[in-house]
Each structure stands twice: as structure tokens, then as C-alpha cells.
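Here's the structure we're looking at; comments come further down.
Order of the sequence lines fixes the chain letters, A, B, ..., with proteins taken first and strands second; residue numbering starts at 1 for each chain. Given the structure is predicted, the values throughout are model-derived calculations rather than measurements.
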There are 2 protein chains.
Amino acid sequence: MGGGTQATPDRILDVAEAMFAASGYRAVSVRAITRECGVNIAAIHYHFGSKEALLEQIFAKRSAAINNARFRLLEACRAAPGRPPMLEQILEAYLRPSLVLPNGDAGARRFMRLRAILAHEHADMSKNLISKHFNHVSGTFLGALMKELDHLPAKVVYWRFHFLLGAQYFTLADPGRIQILSEGACDPSDSDTALAELVAFTAAGFRAPPSPHDALILGNVLP
Amino acid sequence: MGGGTQATPDRILDVAEAMFAASGYRAVSVRAITRECGVNIAAIHYHFGSKEALLEQIFAKRSAAINNARFRLLEACRAAPGRPPMLEQILEAYLRPSLVLPNGDAGARRFMRLRAILAHEHADMSKNLISKHFNHVSGTFLGALMKELDHLPAKVVYWRFHFLLGAQYFTLADPGRIQILSEGACDPSDSDTALAELVAFTAAGFRAPPSPHDALILGNVLP
DNA sequence: AAACGTTTCAAACAAGTGTTTGAACAGTGT
DNA sequence: ACACTGTTCAAACACTTGTTTGAAACGTTT
């Protein structure tokens, strides 16, 4: 990996991932990708078979690396159980590999942004891809969280993990909303700050006592 | 509003909103919309001018209703300050109009899902639309939150509002992830539960003490 | 040098995109 | 009856989409 020249298929994978992450899957045509690579239009179909197969290759290549890092960090948590607080450790183990660039490579972050965009843009296609590549790691971390929060009903933990995913995706996709609202004070591409803030926020959210339905009070105000 | 027949432009607005919310903006063609409406292809350009202008009309029509409801609910909070806890009241005032169907109309929820999808699919276009229609209400609620959390640095409140937006969008867009992970136990289209869980989670997140950067501990574990 | 499988290329394919056009239609007021 | 308005329609516009094709160029091996 790194600089220099790379074989045509690898270069296509790289360029396509970058363009998909920047503009979405539908918006980027095979012509735009091959033009950017300086290769012929037919190259994508020769090397990968189709535009969709190219996307699947990107998923296969990236998700393994990210999930391996997550498992390694989760092991590191268990190796030092005395280091408080465990909930924050688990959350950081899950979030860090997707948010912070490994080895200065922008790859993982870029891919996770692509994943976030695809989840919204192409729901049916991405549902299969994400299930295939992320069900295992998500299930493992859900188990770890439930063990740590065994006083909570499983349903509540699922909901809170769902909110965690939403906050993570929104940070990775970075639609620019927080920059506008904070007038530039906050920037999701500041990975270290984003990670620290997200861990603190979600840890507190997971620790919240389970709320009964009738805790909502404004329901009868609207006409 | 309601059942029965409606004028052609209104019907186009309605059908287009539903189709955009279901599949995204790019994926739905003007031909598909007009076919679904049973009108001629030229109808969209005659009544609205362009496909993009149609989208803007949808935004203009919906955002006013949602934001009015939010302001009304925020006023209701202030009218009864003794009713604890105020933070949950503010959050519910912000979230309820987007999550729970008003008057049994699926409209607001559908539109907010469209907004969530558009934010990811068509970042540049939606940034302007969302700024135009939602900066005011977001700013007002940010102010209310900061007043309630005046012990926190403004930056931290911005970050946490950003996470709130992410969790909200993810719930509205409903990419199906939580159903898979929870094996059907949780469903974002169960609005009341989603609202109650989201308010409880984010309220706890906002109440978290500000975390120093060095609270992260796993940074040196990765190779 | 000849033959090989692999890779690249320009060109075309069929289908779909947003948009425009000019004629036909409806309804109302004079 | 006519003219004037707002609306609908089939057809075409110029363009882009993903994909396929068959010939040319390549580097190896025999």
C-alpha cells in the first residue's frame, strides 16, 4: 500500500472508493471512474464484471481490516479489566477503527463514509453488503455491551446501539450540518475530538436508566 | 388535506415526496413520478419548472409545519418550568414533530426520512435546502439547550447536538440495521418507543460531564 | 519467430435521463 | 359565436447511463 504505481485493478478500486465516498454510488459513473484513472471504459467490466461487483470488492477489501482492528481492541479491553471504565473502553474499541485514520491512511474513514452514504442511498443493496461484512462484529460488541449493562433489558441496549450507529454514521458522512450550526467551531474531520466526544456522549446514553413509556409528557400539547 | 381527489400539482407533490422518501432523489425519475400519478411527463415541468424545483416545493411545504410544531412545543416547556426535567422536555419538543405522525398523517415522518436520505445522497443540494428551512429552529433549540447546560462549553453542546441529529436521522431513515441486529425486537417505525428511547438516551448524553481528550486510552494499542 | 493468453482500446449497443415543443383540449367571459 | 385562458398530450430533443464487442497491442513462452 502507499504511494507509487499500482496495478490497474487496485488503482480502479482505490479511485472508485474515493469517488463513491465523495458523491455516492449512483452519482459516479463508470466513465467518470475510468476517466479519472486514465484507463478505458471497458476496464471495469473486464477486471470486475460490473459496477456493482466493483462495489462489493471495495467492501470485501476494507471491512476485514476495520473489523480485525475492532476485535483486537476489544481483546485489549478484556486484558486489562481493572482499567476503568469498561463501558468507555468497549465503545472506543468499536468506534476508533472507523473514525481515526490508521497509519495515516485515509482509507478506513473514507470507506466508512461510503458505507454510511450507501446505507441511505441504496438501502436494499447495502443491507446485504453490511449484513454480510458487519453482522459478526456488531453482534460481538452487542454481547459485550449487554454483559456490561446486564441490568438493562436487551431491547433497550439494541435501541441505544442503534442510536450509537446513527451518531457514528452522521459523523462519518459529515453532511456539514455541525459546521454551519456551530459556525465552524466543530468539525467531524477532527477525528480525535470526534471520537472523544462520541465516546463520552454514548457512554452516558448507555448508562441512562431505562425510561418507561409514560415518561413523555408533551404528547397532548399538539392539536 | 386528507383523502379524496386533489388537484394535479398537489397530487404530484404528494406522490413525488413518497417516492423520493422511499428510494432517494436520483433514483426516482420524472417519468416514474408522472406515471404513478397517471399524468403526462410534461406535467412536472409545467407546474414546477424542473425536478429540482419540485423538491424545493416539497421542502417549503413540509418544513414550515414541522418547525411550527417544534416552536409550539418549546413554548409549552417554558409555560410549565416546574415540570421536571426540563432537558427532556426540550429534547422531546424538538424530536416529537419529526418522529411521531401528526393527526395520523404519515407526512411529516416521510418527509423527514426524505430529508435524511437527501443529506447523504445529495450533500451539496441539501445543505442549502436544510440551512434555508432549518437553521432558525435548530439555532433556537441550541440556545435553549445551552441555557439549560450552561456549565458545558458551547463546543461540547454543539457536538452533542450533532450526535442527536445523527441518531434522529438514522431512526428516520431506518436502513433496517436495528431490525437485523435485534432479530426483530426493535423497529424504528414504532414511533412512540423510538421517541421515548431517543429522548432518554440523548438526555443522558447531554448530561455527561465534559470529557478531556486524554480520557481515551486505547490509542496506543493499534500497531 | 511463431503462437500464446492477457490486457487495452475505440466504437457501438439498447435503454433511460431531464427537458422542450407545438398542437390539441377544456372551460370561461364577452 | 368567438377569443382567451390555463392545462394536457404525444413526440422529439440532446445527453448520459451500464454494458458489450471485436480488433489491436502487449509480454511470455515455446
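With a heavy-atom cut-off of 4.0 Å to chain B, the contacted part of DNA chain C has its first and last nucleotide at C:dT17 to C:dT21.
Taking atom CD1 of B:I44 as the reference point, atom P of D:dC9 lies 13 Å away to the nearest angstrom. As rounded to whole Å, 11 Å separates atom P of D:dG18 from atom CZ of A:R35. Rounded to an integer number of Å, the gap from A:Y46 OH to D:dA25 C1' is 13 Å. As a whole-Å value, the separation of A:M125 CE from D:dG18 P is 11 Å.
Within the nucleic acid shown, B:A43 has no heavy atom closer than 4.0 Å to any nucleic acid atom. Using a 4.0 Å heavy-atom criterion, one finds that B:I41 contacts the bases of the nucleic acid, with or without backbone contacts as well.
Partners of A:D174 by salt bridge (Lys or Arg N to Asp or Glu O under 4.0 Å), not counting sequence neighbours: none found.
For the residue pair B:Y169 / B:R115, a side-chain donor-acceptor distance below 3.5 Å is found, with atom types taken as modelled. There is no side-chain donor-acceptor pair under 3.5 Å between B:N67 and B:R62. A donor and an acceptor atom, one from each side chain of B:R35 and B:N40, are nowhere located under 3.5 Å apart.
Applying the 4.0 Å criterion to OP1 and OP2 of D:dT8, one finds that B:T8 has a side-chain N or O inside that range. At least one side-chain nitrogen or oxygen of A:S29 sits closer than 4.0 Å to the OP1 or OP2 atom of D:dT17.
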Dot-bracket line, read 5' to 3' along DNA chain C, where crossing pairs take [ ] and | marks a partner on another strand, Watson-Crick or G-U under 3.5 Å: .|||||.||||||||||||||||||||||.
